[in-house]
Amino acid sequence: MTHPDTLREHELALQRAVTVWIATGLAFMLLPGTFLGVWNLIGISGQQSAAEIDPAWLQAHGHAQMFGWIGTFILGIGFYSLSKMAGAGRIAVRHAWLSWALWTAGVALRWATNLWHWEWRLMLPLSAVLELAGFIRFFLTVSGHKAEGPPSKMAMWMRLVIAGSIAFLLALIANLGVTIANSLSGASPAIPHERNQALLALILWGFPVLSIWGFSARWLPVFLGLKAPEDRQLKAALALNAAAIVAAAGGWWLAGTTLFLLGAGAAAAGLHVFSPPENPPKINGVHSTFPAFVRIAYGWVLVSAVIGVAAALWDHAGGLWGASRHALTVGFISTMVFAIGQRVLPAFCGMRVLFSPRLMFAALAPLSAGCALRVISEICAYEGYAPSLWPLLPLSAVIEMTAFTLFAANLALTLLQPPAHLKHAKHATA
Ligand code: HEM
């Protein structure tokens, strides 16, 4: 039997590793992700066209956000969940660091290669191999610790999270395939448009969306006091989403986007997000508007899916596709990470409390406002419906950048505080 002190030490060591995962995600989010996104958008609105900007730079931004930020957070949380499994500590700590080193090197290399094109035919697939290796190290560690009970008894939230992990693995394999093909026959590190669109459908609607639905099924009944989720509707959401990704990969965009819409509707209904809650929300340590922002996020995923259908029918200049993607990435994914992340991550990183609930609101409010401004002006300006809205795009970018910076500051200040057990020890000795 392992001594309790040793177990505690393992848990603390794993929490330290998880803290580094989360800090790494924040770093990718800010500079390679958000600041480059703002730079790109200022360039696009200056030229009044996205065609003049190097697509490798646009893809560098998207990759840093999806893999560098969202992917890194998901992997960090995955390793954290191991700290709750007895006996997993010692192995997991070593694996968490190895996985982090491979993953971080891969994502950073991809970003730098897309920006500077240095030896890109070699570096592009190398970055994809490093990312895949980091993920496989994570996957093997997590799948080595099986859930209790037979798979038929597995809770729906866990099935969704596992489906999200499988989608993550598939996205990384597809990314490797696409980068190899590009380095053999491409003209630059930028993935050709059609292939990139299909890959993005898997990257955006696969692992982040499924993982968020899974974590929502697990936490929202408690945090928002919602009725227990409906397994049948969530199963339907999963099946519809998977079918949509397959349709998008095959280039059947109208079918794909319609299925994404049906899947998002089934998930929102199955989670009872818009139904009256059964119990009062649990908002200890976070801002009181937290439940409202979770609902706003679920509103955004539906908006994204509706614009997606419109894009499949009428897009001419990338404005509808871009707005649909932004409603998903910023409106849904980022709002959920800002809301749920600030609720759970302080505890995951050593039982800390959030530095400032007010700062949480100060980040969430401009995020929603900036996203609304961007989605409306991107459709109207890019598609030529109202060219007078071009100047609003950089404004939306600055508003969103403020939101991301405040979110990062709140989490960074939270992580810089001593963990609760050290705080208590300090008070006890004082
Ligand atoms: C300040 C916030 C942001 C700004 C200003 C911004 C800007 C942009 C711009 C200009 C594009 C090029 C396509 C277009 O014109 O629509 C783009 C694409 C993209 N963005 Fe963002 N973005 C932001 C936040 C995010 C976030 C938070 C995510 C993910 C969580 C994200 C993920 C993506 C992805 C995946 C693409 C597609 C890249 C590709 O073509 O491969 N963005 N963004």
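Remember, it's a predicted structure, so these values are computed and weren't measured experimentally. Throughout, numbering of the chain's residues begins at 1 and tracks the sequence. Both counts, for ligands and for their atoms, begin at 1 and track the order of listing.
- When non-hydrogen atoms are compared, ligand 1 lies under 4.0 Å from the side chain of Tyr382 (C-beta onward) but not from its backbone.
- Listed by number with element, the atoms of ligand 1 under 4.0 angstrom from any heavy atom of Glu378 are 14 (C), 15 (O), 16 (O).
- Of the protein's non-hydrogen atoms, Asn196 ND2, 3.0 Å is the one closest to atom 41 (O) of ligand 1.
- Listed by number with element, the atoms of ligand 1 under 4.0 angstrom from any heavy atom of Val38 are 1 (C), 5 (C).
- A ring-centre distance under 6.0 Å is not found for Phe35 and Phe404.
- Here the rule is ring pair (Phe, Tyr, Trp, His ring centres under 6.0 Å) with Phe168, and of Trp103, Phe139, Phe73 only Trp103 fits it.
- A distance of 11.5 Å separates CD1 in Ile70 from CG in Leu75, rounded to the nearest 0.5 Å.
- Counting the atoms of ligand 1 from 1 in the order shown, those under 4.0 Å from a heavy atom of Met66 are 29 (C), 30 (C), 35 (C).
- Here is the list of ligand 1 atoms found below 4.0 Å of a heavy atom in Gly322: 16 (O).
- Here is the list of ligand 1 atoms found below 4.0 Å of a heavy atom in Ser334: 27 (C).
- Residue contacts with ligand 1 for Ile44 involve side-chain atoms from C-beta outward but no N, CA, C or O (heavy atoms, distance under 4.0 Å).
- In this comparison of Gln197, Arg374, Met29, the heavy atom closest to atom 8 (C) of ligand 1 sits on Arg374.
- Only the side chain of Leu200 comes within 4.0 Å of ligand 1, counting heavy atoms alone; its backbone N, CA, C and O stay farther away.
- Under the side-chain hydrogen bond (donor to acceptor under 3.5 Å, both in side chains) criterion, Ser165 pairs with no residue at all, not counting sequence neighbours.
- Using cut-offs of 30° and 60° for the angle between ring planes, the Phe67 and Phe207 rings count as tilted.
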Table please: side-chain donor-acceptor pairs of residues 356-371 below 3.5 Å, with sequence neighbours left out.
unit_1: Ser356; atom_1: OG; unit_2: Arg358; atom_2: N; d: 3.3
unit_1: Ser356; atom_1: OG; unit_2: Leu359; atom_2: N; d: 3.0

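- Using a distance-only test at 3.5 Å, with no hydrogens or angles considered, a donor-acceptor pair links the side chain of Thr414 to the main chain of Phe355.
- Closest of all the heavy-atom pairs between Ser211 and Gly164 is OG-CA, 4.1 Å.
- Annotation: the span from Ser183 atom OG to Glu119 atom CD amounts to 12.0 Å, rounded to 0.5 Å.
- Remark: Leu411 CG to Met29 CE distance equals 8.0 Å, nearest 0.5 Å.
- Considering only residues two or more places apart in sequence or on other chains, Arg110 meets the salt bridge (Lys or Arg N to Asp or Glu O under 4.0 Å) condition with none of them.
- With ligand atoms numbered from 1 in the order given, ligand 1 contributes 12 (C), 38 (C) to contacts under 4.0 Å with heavy atoms of Leu58.
- Tally of protein N, O or S atoms closer to atom 21 (Fe) of ligand 1 than 2.8 Å: 1.
- By the 3.5 Å distance cut-off applied to N or O atoms, Glu400 is not counted among the residues near ligand 1.
- Per-residue contacts place Thr34 under 4.0 angstrom from the following atoms of ligand 1 (heavy atoms of the residue considered): 1 (C).
- Note that NE2 of His287 is 14.5 Å distant from CZ of Arg343, once rounded to the nearest 0.5 Å.
- Listed by number with element, the atoms of ligand 1 under 4.0 Å from a non-hydrogen atom of Phe404 are 2 (C), 27 (C).
- Separating the CE atom in Met66 from the CG atom in Leu199 is a distance of 11.0 Å, to the nearest 0.5 Å.
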